[in-house]
Amino acid sequence: GESRARQVAGATHEEDMTTRIRVPGEFCWINLMTPEPKAAREFFSKLLDWTYSDLPGDMGHAIHVDGKRVGGIFDLHAPNAPAGTPAGIGVMIKVKDADATGKKIRKLGGKAEPAFDIMDQGRMAACSDPNGAAFDLWQPRKSAGMEAEGSEHGAPSWFESITSDVGRASKFYSALFGWKAEAMEMPGFTYTSFKIGESWVAGMMAATPEMGEMPPFWGVYFT
C-alpha cells in the first residue's frame with residue numbers, strides 16, 4: 001500500500017518535481033551523516049553517479065550531481081559532529097530568517113535549537129515538528145543550497161514524512177511555511193501532498209501497522 005501511494009504521488013507530481021523553485025519553504029539541501037564517509041562516498045558514487053568536493057573548513061564533502069551541488073556528507077566521528085546523531089540523511093528547508101523561524105516553530109509546538117552561522121555560507125538551526133520529525137532550517141548567504149534539478153539522475157526529487165499524526169503535522173507546516181495540503185485517498189490510507197503556490201514540495205502519510213514501530217521522520221527520494 002505504501003509503495004502504491006508513492007507511485008501515485010510520483011506520477012501525479014512528476015512535472016513539478018523537475019522544476020523545483022526553492023523559494024522559502026522549499027527543501028534546499030541534504031546532509032548525509034555516516035560513521036563511514038569513505039564507504040558512503042564510494043557506494044553512492046556507484047549507485048547514483050555522485051561526485052564530491054571538499055567543503056570549507058575541512059567539514060566534510062559536498063555532493064555533486066552532474067557537477068551541481070545537492071548536499072553534503074559528514075563523518076559522525078568528526079570532533080564537531082553533534083553527539084548522539086544517528087546515521088541517516090537529514091533535510092534542510094530554505095527560510096529568510098532562521099532565528100525568527102525558530103521562534104515561530106517553538107510557538108507552534110515544535111522544537112528548534114538556537115540558530116548558528118556556518119562560516120559565511122549561511123545560518124542554520126536544527127528543528128523538529130510536534131510529532132518529532134527532524135528537519136533543519138537554512139538561511140542562505142554565500143551558499144544558496146541545492147543547484148541540481150530533481151529530474152537529473154542522482155538528484156533529490158521528492159521529500160516525504162512518515163508520521164504519527166498527519167493532521168497535527170499538516171497544521172504545523174501550513175502555519176510555518178504556508179504549505180497547502182491536498183489529501184489523496186488510497187486503499188486503506190490517505191496520502192497528503194503539500195504545495196507552495198502551484199508547486200509541489202512534499203508528501204506525508206501516517207505510519208501503517210506493517211511498518212512497525214518507528215519515530216516520525218523526513219525521507220528523501222532520488223531520481
Side-chain angles (χ1 to χ4, degrees), residues 9-10 12-31 68-72 89-118 121-151 155-163 165-184 191-205 216-223:
T12 302
H13 310 326
E14 180 177 2
E15 181 178 352
D16 295 287
M17 285 192 293
T18 64
T19 55
R20 305 194 69 82
I21 55 175
R22 299 187 194 99
V23 298
E26 270 269 17
F27 290 86
C28 66
W29 190 257
I30 61 169
N31 291 311
K68 294 169 283 241
R69 300 197 313 168
V70 298
I89 299 177
V91 299
M92 304 193 85
I93 300 175
K94 182 178 179 180
V95 295
K96 293 180 179 179
D97 186 326
D99 296 271
T101 305
K103 291 180 181 177
K104 190 173 182 180
I105 286 171
R106 291 187 286 271
K107 288 181 179 179
L108 291 170
K111 295 180 180 179
E113 298 294 330
F116 58 94
D117 292 330
I118 304 295
Q121 300 300 300
R123 191 163 174 80
M124 70 167 286
C127 310
S128 60
D129 67 26
N131 295 336
F135 62 94
D136 294 335
L137 304 178
W138 182 249
Q139 178 185 333
R141 287 177 179 164
K142 281 193 173 181
S143 177
M146 201 178 301
E147 298 166 349
E149 295 295 340
S151 59
S157 57
W158 187 244
F159 298 85
E160 181 181 272
S161 180
I162 307 298
T163 193
D165 188 329
V166 172
R168 180 165 63 174
S170 295
K171 183 178 179 180
F172 171 81
Y173 289 107
S174 296
L176 183 62
F177 297 125
W179 292 359
K180 296 179 181 178
E182 293 190 10
M184 179 188 300
Y191 193 88
T192 299
S193 298
F194 297 98
K195 279 182 173 181
I196 293 178
E198 294 303 312
S199 297
W200 301 100
V201 294
M204 181 176 291
M205 62 179 289
F217 69 96
W218 278 102
V220 187
Y221 289 80
F222 297 94
T223 299

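Bear in mind the structure is a predicted one, so any value in this text is a computation, not a measurement.
For the atom pair Arg69 CZ and Ser143 OG, the distance stands at 4.0 Å (nearest 0.5 Å). Remark: Ile105 CD1 to Phe172 CZ distance equals 5.0 Å, nearest 0.5 Å. From Ser199, atom OG reaches atom NZ of Lys180 across 11.5 Å, with rounding to the nearest 0.5 Å.
Using cut-offs of 30° and 60° for the angle between ring planes, the Phe194 and Trp179 rings count as tilted.
No donor-acceptor pair under 3.5 Å is formed between the side chain of Gln139 and the backbone N or O of Arg123. With Glu160 contributing its side chain and Gly219 its backbone, the two residues share no donor-acceptor pair below 3.5 Å. Without hydrogens or angle criteria, Asn131 side chain to Asp165 main chain gives a donor-acceptor distance under 3.5 Å. No donor-acceptor pair under 3.5 Å is formed between the side chain of Ser128 and the backbone N or O of Ala133. Under a 3.5 Å cut-off, the side chain of Lys104 and the backbone N or O of Ala175 do form a donor-acceptor pair.
By the 6.0 Å contact criterion, NZ on Lys195 is enclosed, its count of non-hydrogen atoms from other residues, nucleotides or ligands being greater than 12.
Minimum interatomic distance between Thr192 and Ser170 (heavy atoms only, all atoms of both residues): CG2-OG, 4.2 Å. Minimum heavy-atom separation, Thr163 to Ala169: OG1-CB, 4.5 Å. Nearest heavy-atom pair, Trp29 versus Met146, reported as atom, atom and distance to 0.1 Å: N-CE, 3.4 Å. Considering all non-hydrogen atoms of both residues, Pro140 and Val95 come closest at CD-O, 3.6 Å. The two residues Ser151 and Thr223 make their nearest non-hydrogen contact at O-CG2, 3.6 Å. Minimum interatomic distance between Ala112 and Gly102 (heavy atoms only, all atoms of both residues): CB-O, 3.6 Å.
Side-chain contact check for Glu147 versus Val70: every heavy-atom pair is 4.5 Å or farther apart.
Residues Phe135 and Tyr173 place their aromatic rings such that the two centres sit under 6.0 Å apart.
Listed by first then second residue, pairs satisfying salt bridge (Lys or Arg N to Asp or Glu O under 4.0 Å) with a partner in residues 126-141 read Asp117-Arg141, not counting sequence neighbours.
Across Trp158, Trp138, Phe159, a single residue satisfies ring-ring contact (aromatic ring centres under 6.0 Å, His included) together with Phe27, and that is Phe159.
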